[in-house]
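Scroll down for the structure; my scribbles are underneath it.
Every number for a ligand or one of its atoms is a count from 1 in the order of the listing. Both backbone and side-chain heavy atoms feed into the values below; hydrogens, waters and symmetry mates do not.
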Amino acid sequence: MSIKLGVPSKGRLMEKTFDWFGQRGVTLSRSGSDREYSGKVEGIEGVELVLLSAGEIPRELNAGRIHLGVTGTDLVREKLGQWDQRVEEMAELGFGHADLIIAVPQFWVDVDTMDDLDAVAAAFRARHGFRLRIATKYHRLVRDFLRERGVADYQLVDSQGATEGTVKNETAEAVADITSTGDTLRANHLKILSDGLMLKSQATLFRARRAPMRDEDRRVLAELEERLGID
Ligand SMILES: Nc1ncnc2c1ncn2[C@@H]1O[C@H](COP(=O)(O)OP(=O)(O)OP(=O)(O)O)[C@@H](O)[C@H]1O
Ligand SMILES: O=P(O)(O)OC[C@H]1O[C@H](OP(=O)(O)OP(=O)(O)O)[C@H](O)[C@@H]1O
């Protein structure tokens with residue numbers, strides 16, 4: 001057995017995660033060809049690198065198939081009900097910042113707040129005979145947020161990518177998605193509701209609360225935590 005560390009297998013999150021560990025003397029790298037999803041860990045014994053899709057890391061932590069995992073806080077909160085009973089946040093890594101927000105068309109000049117959206121949603125249903133559609137892949141987080149804000153007259157439309165395009169394509173009236181620079185929202189003529197920020201996310205190192213560990217694994221985990229500067 002060894003400590004299994006799950007890291008995103010591609011893109012900015014992978015590179016910045018490798019940098020973050022490297023700066024702390026733990027060298028992570030992909031081995032083999034660019035397309036081969038295997039990796040290695042140097043600088044500490046007993047830790048195994050598992051390259052995974054960022055979106056699958058919460059599930060793998062929850063199942064105890066990996067002991068540690070790096071992914072966005074948004075994905076953990078979305079994919080795991082009662083996430084804090086399943087995983088523990090060990091360190092915020094300071095990159096991968098993104099805000100989960102609700103946005104509506106810029107030309108909805110009278111709609112700036114969640115209360116405005118609530119009023120529009122009721123009027124929309126009366127006029128069109130169906131509920132206002134909000135496109136998102138963050139179903140759990142959006143439902144929880146809208147319930148807290150008392151908005152009920154809506155339906156979620158699943159969108160796993162290019163979500164900001166759904167309004168122009170007339171498959172949704174509003175979107176709930178992550179934004180970083182805001183460029184995608186602006187390019188698609190959408191504006192964020194002034195109180196429409198649901199969550200601020202960043203890349204975070206998580207520990208699975210239930211992953212099985214032997215005494216030797218606990219020693220390795222303690223050493224790794226010390227190397228990474230985690231209390
Ligand atoms: N434009 C962005 N700027 C900053 N962070 C982002 C951006 N887009 C996504 N993220 C963050 O990166 C993480 C991974 O996002 P996402 O699931 O879209 O990744 P992906 O590369 O498409 O992964 P997958 O392999 O699961 O398809 C999420 O936590 C998200 O908040
Ligand atoms: O505020 P910005 O800097 O413009 O970034 C926001 C965009 O980035 C993400 O998309 P991604 O590139 O992951 O593609 P996707 O549409 O397939 O999710 C997100 O879903 C937004 O579309």
Side-chain angles (χ1 to χ4, degrees), residues 5-21 28 30 34-39 49-63 65-66 68-80 83-84 86-87 89-106 133-142 144-145 156-169 171-194 196-208:
L5 166 64
V7 164
S9 56
K10 61 184 170 69
R12 278 170 307 181
L13 272 192
M14 181 188 83
E15 281 159 24
K16 291 191 168 171
T17 302
F18 283 10
D19 290 347
W20 189 89
F21 279 83
L28 310 182
R30 280 184 67 158
D34 274 0
R35 300 216 171 250
E36 187 182 330
Y37 291 120
S38 60
L49 184 61
V50 184
L51 294 162
L52 292 165
S53 150
E56 286 174 9
I57 287 176
R59 187 188 65 202
E60 295 302 293
L61 284 164
N62 189 36
R65 285 191 284 268
I66 54 177
L68 301 173
V70 172
T71 191
T73 36
D74 56 341
L75 296 175
V76 163
R77 283 164 173 69
E78 171 61 24
K79 300 208 176 221
L80 303 182
W83 64 273
D84 51 345
R86 294 149 189 270
V87 296
E89 283 185 350
M90 297 182 76
E92 294 182 327
L93 306 191
F95 54 84
H97 292 280
D99 293 344
L100 178 61
I101 55 82
I102 294 210
V104 299
Q106 282 169 358
R133 297 164 296 180
I134 303 175
T136 192
K137 64 175 163 184
Y138 294 91
H139 295 228
R140 181 198 304 273
L141 293 174
V142 175
D144 288 352
F145 183 78
L156 293 188
V157 174
D158 185 49
S159 169
Q160 293 294 323
T163 304
E164 294 84 347
T166 56
V167 173
K168 181 166 185 292
N169 294 334
T171 53
E173 284 68 51
V175 301
D177 198 11
I178 49 168
T179 179
S180 149
T181 61
D183 288 348
T184 311
L185 289 170
R186 278 188 292 277
N188 289 284
H189 313 291
L190 299 169
K191 62 175 180 182
I192 302 174
L193 295 179
S194 57
L197 174 63
M198 281 177 259
L199 175 74
K200 292 186 90 63
S201 177
Q202 68 170 295
T204 299
L205 175 64
F206 293 93
R207 181 180 72 81

Nearest-contact summary for atom 21 (O) of ligand 1 - protein heavy atom, Å: Lys10 NZ, 3.4 Å

Side chain, backbone, both or neither: which part of Thr179 comes within less than 4.0 Å of ligand 1 when only heavy atoms are counted? neither

Against heavy atoms of His97, which atoms of ligand 1 measure under 4.0 Å? 4 (C), 5 (N)

Specify the protein heavy atom at minimum distance from atom 13 (C) of ligand 1: its residue, its atom name, and the distance to 0.1 Å. Leu13 CD1, 3.5 Å

Is a side-chain N or O of Glu173 found less than 3.5 angstrom from the main chain of Val104, in a donor-acceptor match? no

Starting at CD of Glu89, measure out to CZ of Phe206 and round the result to the nearest 0.5 Å. 4.5 Å

Is there a nitrogen or oxygen of Thr73 sitting under 3.5 Å from a nitrogen or oxygen of ligand 1? no

Around atom 16 (P) of ligand 1, find the nearest protein heavy atom and jot down its residue, atom name and distance. Lys137 NZ, 4.3 Å

Min heavy-atom dist Gln202 to ligand 1 below 4.0 Å: no

Distance to 0.1 Å, residue and atom name: give those for the protein heavy atom nearest to atom 10 (N) of ligand 1. Ile178 CD1, 3.6 Å

Starting from atom 3 (N) of ligand 1, locate the nearest protein heavy atom and write down its residue, its atom name and how far away it is, to 0.1 Å. Ser180 CB, 3.2 Å

Give yes if a backbone or side-chain nitrogen or oxygen of Thr71 is under 3.5 Å from a nitrogen or oxygen of ligand 1, and no if not. no

The answer, listing residues by chain and number that come under 4.0 Å of ligand 2 through any heavy atom, is Gly161, Ala162, Glu164, Asp177, Ile178, Thr179, Ser180, Thr181, Gly182, Asp183, Thr184

